[in-house]
Amino acid sequence: MENSKLIYKRVADEILKADKILFITGAGISADSGMPTYRGIGGLYNNDQTEEGISIEDAISGNMLKRRPDITWKYLWQLGKACADAEPNHAHKIITEIQKLKPDTWVLTQNVDNLHRMAGNTNLIEIHGNAFELYCTKCYAEFDSENITSNYRNGNVKLPPKCGECGGIVRPKVVLFGEMLPEKAINKYYDILRSMPDLVISIGTSSLFPYIQEPVMIAVQQGAATVEINPGETSISQIVKYKVTAGAAEAMTNIRQEINSFGTER
Ligand SMILES: [Zn+2]
């Protein structure tokens, strides 16, 4: 087996040793919940073009939402349906357990699927927003996502959804292509970087975005311990201290087992 028991033991040891931990997660952690993986928003598009003959990036962009909200919502809806029934998996839940053990543990996620919150994760930075928070683009009224997402299941859909108060287009609080990152999340992100964690664990992200790669780079420079959990090779695989070649749920389950056995073995 490629992943010897030893690497899980070493990662568990680093977790027990650390005061401040940062988890960085991407689509790979949601893959074990049955979510499709494609740049963190879903893998429904194997070819680049949509039915409209435009790229999925253009369809789900801030500009398209302004010009043709019906097109953007058509694809948001497909993605939303894919996350509507997903449940957090062991990887999400073990992060919650680690947070109980180490309260100064943070989670920086690219995912908008709400699974970290459902698993009870705290200290959460949703850098691309959350698909289950909705608001009116005209009067900024906020909407309970259940009013809209309940329709993911019954197929009773009239898109784009409109605000009952003012008739404005309702949208999710997610960062669409071409949009800025949310200011609150960015501020929290820089807070974390200023007082760098002594352990950074990247799970299931290809680390393409600079703000996802940066904390790992800084941790390496400052001599903090770094872990990558990913079945594939990424831009950070060569620089992390521990590279775990496995899926998120499997790896985290093994790490938890090692954490639990520390008390009895030593
Ligand atoms: Zn409104």
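Both counts, for ligands and for their atoms, begin at 1 and track the order of listing.
Salt bridge annotation for Lys138-Glu165: absent, with no cationic side-chain nitrogen under 4.0 angstrom from a carboxylate oxygen. A salt bridge links Glu14 and Lys17; the closest N-O separation between the charged side-chain nitrogens and carboxylate oxygens is under 4.0 Å. We find that Glu52 and Lys74 are joined by a salt bridge, their nearest charged nitrogen and carboxylate oxygen being less than 4.0 Å apart. Note on Asp13 versus Arg10: no salt bridge recorded, every NZ/NE/NH1/NH2 to OD/OE distance being 4.0 Å or above.
The aromatic ring centroids of His128 and Phe209 lie less than 6.0 Å from each other.
Between the CD atom in Glu57 and the OG1 atom in Thr50 there is a gap of 10.5 Å [rounded to 0.5 Å].
Counting only protein N, O or S atoms closer than 2.8 Å to the Zn ion (ligand 1) gives 4.
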